[in-house]
Number of protein chains: 2
Amino acid sequence: MKQSTRDHIIQTASELFYEKGYNLTGINEIIAESGIAKATLYSHFRSKEELLLAYLEVRDQELLTNIRAFCESKPQGDSRLVAVLEFLIPFFNRGDFNGCWCLRSMAEIPRENENVRKKIRAGKQKLRGFILELVKDNKPAMSAEQQTALGNQLYLLYEGAVGESHLQDASWPIETSIDLLTSKLRQGT
Amino acid sequence: MKQSTRDHIIQTASELFYEKGYNLTGINEIIAESGIAKATLYSHFRSKEELLLAYLEVRDQELLTNIRAFCESKPQGDSRLVAVLEFLIPFFNRGDFNGCWCLRSMAEIPRENENVRKKIRAGKQKLRGFILELVKDNKPAMSAEQQTALGNQLYLLYEGAVGESHLQDASWPIETSIDLLTSKLRQGT
DNA sequence: AAACCAATAGACAGACTTGTCTGTTTACTA
DNA sequence: TAGTAAACAGACAAGTCTGTCTATTGGTTT
């Protein structure tokens, strides 16, 4: 089944937004790249901002699906927690890695744009929720407070690793965060 | 002694760039805000990009000065390492906190702009260098490898805390990173 | 075959942008 | 007092951008 026009537009915009940034990607570029007419785009999306929201949605969705699958491919227990960070290694190596789309988008929109900001926070919230669930599932002996604390720490390490590996254009921040987590986990047992 | 015109321009641009972002701040806004003529600006800076470089320079410089002073105000030893993260609490609370200017600028310039990218990396390198020195000074018993590892971890926690406290608009990431560091330091002794 | 719908190309409006240039005014110094 | 250097206001060029609109084409359904 052929991809719908709408999805095709999102796909193209998504790649361009992520590669070049939101403001530096023009509507004209999006339509040229995806081979559609401008009126077609504007019949599917009321504005460029709406396209940005769709972009954030699919990226967040995709990430969650992928990271979930990756973690479930590991044996239960601590290794599933470490997997959250290990997941970043192939992600970083994929060539089109360009950091966190949330932070990048955040930097590009005006402060008062609550629409986009909300969307960004919602996406991160889902990721944080997933990590917390993962901790609960794999650290059942821990108290709820401990689980929350560990979840937040893991989330923080994840975000730090993404941001820094991008900025430094190197994978050592990922490895550093893995080290930090594993030593933390060893400590707990 | 009156601030030189050049410094005055940088000051104004710096505030605007940090608050609204580079692309969303127009030259006209900078001159209006600082009350100077356009020709004056362009007699001091060849382009907007040159102004961006100056902005990154002074921000990085200022940060390093402040964080250094803050750490030295603490007693020697582990507390000086924790201070790197504690430094972020007043920073976050200052009202005009808006995350890391490096990451924000990184997100706004085209990929091929090596000029700005280099400047950004250089700034971060200095910060990383400072942290490494701090570790060496306050963990003299450690081997060089351990010092480097701890330095990288502390740097990573710092960056994660900045990025996330900004994104989440909350200070818990800072506290989480402090927890992670202190438990790590306890482990070492 | 006729009606309808979705997509097409691309001109256009209107509002931005950076950077240049002209000509004037102010302030300090020789 | 004359001369120099710096800052002034603001018009302007040349380009960018988003979003609208017209007029046309192709395919599907009734």
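Chain naming here is simple, since letters A, B, ... match the order of the sequence lines and numbering starts at 1 in each. When reading the values below, keep in mind they use all heavy atoms of this one structure, side chains included, and skip hydrogens, waters and symmetry mates. It should be emphasised that the depicted structure is a prediction, and the values quoted were computed from it without experimental measurement.
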Distance test, side-chain N/O of B/H44 to OP1/OP2 of D/dA7, below 4.0 Å:
yes
Can you tell me if A/E33 uses its side chain to pair, donor with acceptor, with the backbone of A/E15 under 3.5 Å?
no
Toward the 5' end of DNA chain D, by each residue's nearest nucleotide, A/A39 or A/Y22
A/Y22
Just how far, in rounded Å, is P of C/dT18 from CG of B/L51?
11 Å
Interatomic distance, B/K38 NZ vs D/dA11 P [rounded to whole Å]
11 Å
Whole-Å distance, A/I27 CD1 to C/dA11 P, equals 18 Å
Could you check whether A/K48 makes a cation-pi contact with A/Y22, meaning its NZ or CZ is under 6.0 Å from the centre of the six-membered ring and within 45° of the ring axis?
yes
Over 60° means perpendicular and under 30° means parallel, so classify the ring planes of B/Y155 and A/W172, tilted if in between.
tilted
For the side chain of B/A37, starting at C-beta, report the closest nucleotide among D/dA11, D/dG19, D/dC8.
D/dC8
Mind calculating the distance between CG (B/N28) and C1' (C/dT20) to the nearest angstrom?
13 Å
Could a donor-acceptor pair under 3.5 angstrom be found where the side chain of B/K48 meets the base of C/dG19?
no
Quick one: on DNA chain D, does A/N23 or A/R46 contact a more 5' nucleotide (nearest heavy atom)?
A/N23
Measure the distance from CD on B/E29 to C1' on C/dA15 and round it to the nearest whole Å.
15 Å
Salt-bridge present (A/D78, A/K139; N to O < 4.0 Å):
yes
What's the closest nucleotide to the side chain of A/T5 if the choices are D/dT18, C/dT20, C/dA7?
C/dA7
Tell me the interatomic distance from A/E108, atom CD, to D/dC17, atom P, rounded to whole angstroms.
14 Å
Strictly distance-based, threshold 3.5 Å: is any side-chain N or O of A/S143 a donor or acceptor partner for the main-chain N or O of A/Q146?
yes
To the nearest angstrom, how far is B/L41 atom CG from C/dT17 atom P?
14 Å
Starting from C1' on D/dC17, measure out to OH on A/Y42 and report it in whole angstrom.
9 Å
